[in-house]
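Inspection log for the structure reproduced underneath, given as structure tokens.
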There are 2 protein chains.
Amino acid sequence: MGKQFLEITEKKEVEKIIVDLSTKLAKKIATKTEKVKIEDGEALGRIASAAIFSPLDIPPFDRSTMDGYAVVASDTFYVVENNPSTLIIKGYIQAGEFPSPSQYVETGYCAGISTGAPIPKGANAVVKVENTFEYEDAGAKDAGGRKKIKKVRIYKPVAPAENIMLAGSDIKRGEGIVKSETTLTPRETGVLAACGIKEVFVRKKPTVAIISTGNEIIAPGEDLEPGKIYDVNAQTLSDSVREIGCGCVPLFLGIAGDNTEEVSGKIKESLAKGVDIIILSGGTSAGIGDVLPTAIEEFGEILVHGVDIKPGKPFVLGTVREKPVPVFGLPGNPTSALITFNLFVVPLLRAISGIHLYKNEEGREGREGRRRVKAKASLRIFSEPGRNEYVLVKLTKVELPEEDKFFAYPILTGSGAITSLSKADGYIFMEKGKEIIEEGEGVEVDLLTKPFSFRKRKAFTEKKNTF
Amino acid sequence: MGKQFLEITEKKEVEKIIVDLSTKLAKKIATKTEKVKIEDGEALGRIASAAIFSPLDIPPFDRSTMDGYAVVASDTFYVVENNPSTLIIKGYIQAGEFPSPSQYVETGYCAGISTGAPIPKGANAVVKVENTFEYEDAGAKDAGGRKKIKKVRIYKPVAPAENIMLAGSDIKRGEGIVKSETTLTPRETGVLAACGIKEVFVRKKPTVAIISTGNEIIAPGEDLEPGKIYDVNAQTLSDSVREIGCGCVPLFLGIAGDNTEEVSGKIKESLAKGVDIIILSGGTSAGIGDVLPTAIEEFGEILVHGVDIKPGKPFVLGTVREKPVPVFGLPGNPTSALITFNLFVVPLLRAISGIHLYKNEEGREGREGRRRVKAKASLRIFSEPGRNEYVLVKLTKVELPEEDKFFAYPILTGSGAITSLSKADGYIFMEKGKEIIEEGEGVEVDLLTKPFSFRKRKAFTEKKNTF
């Protein structure tokens, strides 16, 4: 009964619009920053919004890199195995201690030193413990006339600065340690910790408003009145935003009835909360094709109203406010919503996140990149002529020792069924003009979510969970 | 000055010990469960600890899958384009509404119905709106003698149940929807939402105690007294535990002095807190080789005390308490700590996590799997004879149109330097016996962390951040 006034846009055209939109939005998002604590893991995976410089020298002092003896290097010159030099030990310096004046070294003397301990004044090299022999000289007397002086024989010469890591030789005070726009991995957070830095300025996480629409939709946990169904898309889309790992934060703003006033109200609420992106999904398979464009036109402009793909045809894209806030209108069918999310929303979220990724040998992006596996079609698959079609498939592993491939089984329950969502591992793209995939033909499957598992199918014989 | 009494274990033997340990530990960890809310994203990526069954039919009622008219199917039999049947419209049922008795359908009548709306009593099929023509019959009178009766012409026959999704046809009440030990992706959380389920029992996240040791180590943010350095490993290891994505939670328990009492105290504290794994790292390059074994022997047994790898030789592994809690003793050098973490701790965390992964075409694991890229050595690389050596490398992209490869530059600053940590993208394994890698030779680089970026090197000319 809803009017259908779709002016279909080609998929490639939609993708181009999204690239343009992403570029504008990325600039805007890069300007929002906040300060986070490093210690509690908040900085991990975030993007430094400014360059960071070390406030101190690393190491902060001349540091021994060996267990041994801090010496005046020239006292060891020319020593050989059968003609060692002998030095008097002025005490021992442990890591974490600082040398006292009584441990300062001059020619003829040395100080025992452990790895990581500061070099005492006067010493300029460390002899490894393996090249020494320590003993007590019962016959010798020290300056105070006491007996049993500790001495050490040095069997190998050391050059000045040998076995010493000089203050600031690793990182100099004022040296840049993290460049602006670096994604902070455990390596960067470790370097920041080494410099005693506890907090760091990073880009704010982009926020994504999630709104479900439909008169029949109610939130899980509410009483299921006659004629109502529970909202699926709020959960699926929120968790998908979390799962793609771009650091975007979903913000579920509740369910709007299928009318312009309520949908406009939710858009207004999203803007008031300062979100960066708005995703609405329709409660019914008809989508929100009627109501959303009217609502968008109140605040901005419509860019796409219908795409030449199946499922996903009633996809809507617009922007609101002068600084662009993209508004995505996804079909209500859970599977159609998830496919259009993957096709059109994910590339935008990735582009604006500022997280830069390595690519693997095949030139595909790792981790946050596209998740695609090769498989063989297990059945002949037909597509509707003249449509870009996405066919849901379930993957099963082919257990052959020499290969590690999958069979792709098309799922025929239709995009309206919840079970399609739970059964499908991904989808095959059948481009306009490709009407048949033969049984056994190689296909590429874009995964709906990650990870997915191939455990042995268990029967549901276990004891029931109660809710 | 510390004694060295390492009884070196072969790397392969250590890996075998870790596999055994993982198997035992996985069983123990699988028994710990908790209830989490689905709505706030807490269930995403978690592992269902029991099978879940739907408490209701999906859809909960017979539901129209089309906009159109709910009819008695037999009223449409034999109709053709030029000989439609005409039915009286008993009102309209929108999605979210429930049919009133006045909308019940009998032969000769129908009800307008929108997609997702409940089928009224008496109707058993839906005719698509495209195959109808609605009009007002000004001449007709209804039962109450009013004029202008709404009628519709039906141009195509429908079979019983056509365009109706029957109650429970997608998911039946009591049907299993999530199997035990399933990793919950947005697809599963969506299905749970569809069934109105708000909470779910999942495995508890394994907890990993992180303890730094060393007399010279202080926490970032404290005053840097002479002779002290800031702790790096607590941050690097905690963030690495978070980053590998196995759902393990790091718990930093602070810094212990380099003595058995303090280290034992920290192990005792870890056990009291019920952690599943303990990771200690030594404050100095000497590692905690002396103190940790004595401390472990108080509570359990030592399994490994030294491995034939470089760096990482002073690696210690033990277990404490009758139910095995593995205790890893990593070298203090930040890079050595991160390499031994990757080699020995990561496989254990993955094995116990219960998260099962797909493998890509090359049989490598995706996402949480091993992160390895192919590269070419940019220089001749030498290894110490008779040692399994890990050579740190920095990766740079080879900008050739036909390939997407990397050059691996060995990092020569040594494993003690913090800058090694920040410069290295990964490491090359040079197995015992492999002493030279030629310039240009193909190598496989295991990544230290993910993601890593290849942005253009920027000069540090930006305005300074202040801390």
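The sequence lines fix the lettering, A, B, ..., with proteins before strands; numbering per chain opens at 1.
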Open item on the list: Can you confirm whether R63(B) sits close enough to E216(A) that some side-chain heavy atom of one is under 4.5 Å from a side-chain heavy atom of the other?
Closed with: yes

**OP:** Find out whether Y230(B) and I197(A) are in side-chain contact, i.e. whether some heavy atom of one side chain is under 4.5 Å from a heavy atom of the other.
**Re:** no

Ranked by heavy-atom pairs below 4.5 Å to chain A, first place among D170(B), V191(B), N215(B) goes to D170(B)

Pair count under 4.5 Å, heavy atoms only, with chain A: among L44(B), I38(B), L184(B), highest is L44(B)

What part of [X] is in contact with chain B, defined as an atom under 4.5 angstrom from a non-hydrogen atom: side chain, backbone, both or neither?
{"X": "P118(A)", "answer": "side chain"}
{"X": "A194(A)", "answer": "both"}
{"X": "A424(A)", "answer": "backbone"}
{"X": "D57(A)", "answer": "neither"}

So, the part of D223(B) with a heavy atom under 4.5 Å from chain A: the answer is neither

The interface call for P226(B) against chain A, heavy-atom contacts under 4.5 Å, is both

Closest non-hydrogen contact found for P220(A) with A193(B) is CG-O, 3.6 Å

Between A417(B) and M165(A) the two heavy atoms that sit nearest each other are CA-CE, 3.9 Å

Between [atom1] on residue [X] and [atom2] on residue [Y], distance to nearest 0.5 Å:
{"X": "R187(B)", "Y": "T236(A)", "atom1": "CZ", "atom2": "OG1", "answer": "10.5 Å"}
{"X": "E39(B)", "Y": "F252(A)", "atom1": "CD", "atom2": "CZ", "answer": "7.5 Å"}
{"X": "K228(A)", "Y": "F61(B)", "atom1": "NZ", "atom2": "CZ", "answer": "9.5 Å"}
{"X": "L192(B)", "Y": "I418(A)", "atom1": "CG", "atom2": "CD1", "answer": "11.0 Å"}
{"X": "K198(A)", "Y": "E222(B)", "atom1": "NZ", "atom2": "CD", "answer": "8.0 Å"}
{"X": "E42(B)", "Y": "R242(A)", "atom1": "CD", "atom2": "CZ", "answer": "9.5 Å"}

For T189(B), the side-chain hydrogen bond (donor to acceptor under 3.5 Å, both in side chains) test, sequence neighbours excluded, returns D239(A)

Ranking G190(A), G196(A), A234(A), G221(A) by heavy-atom pairs under 4.5 Å to chain B gives rank one to G196(A)

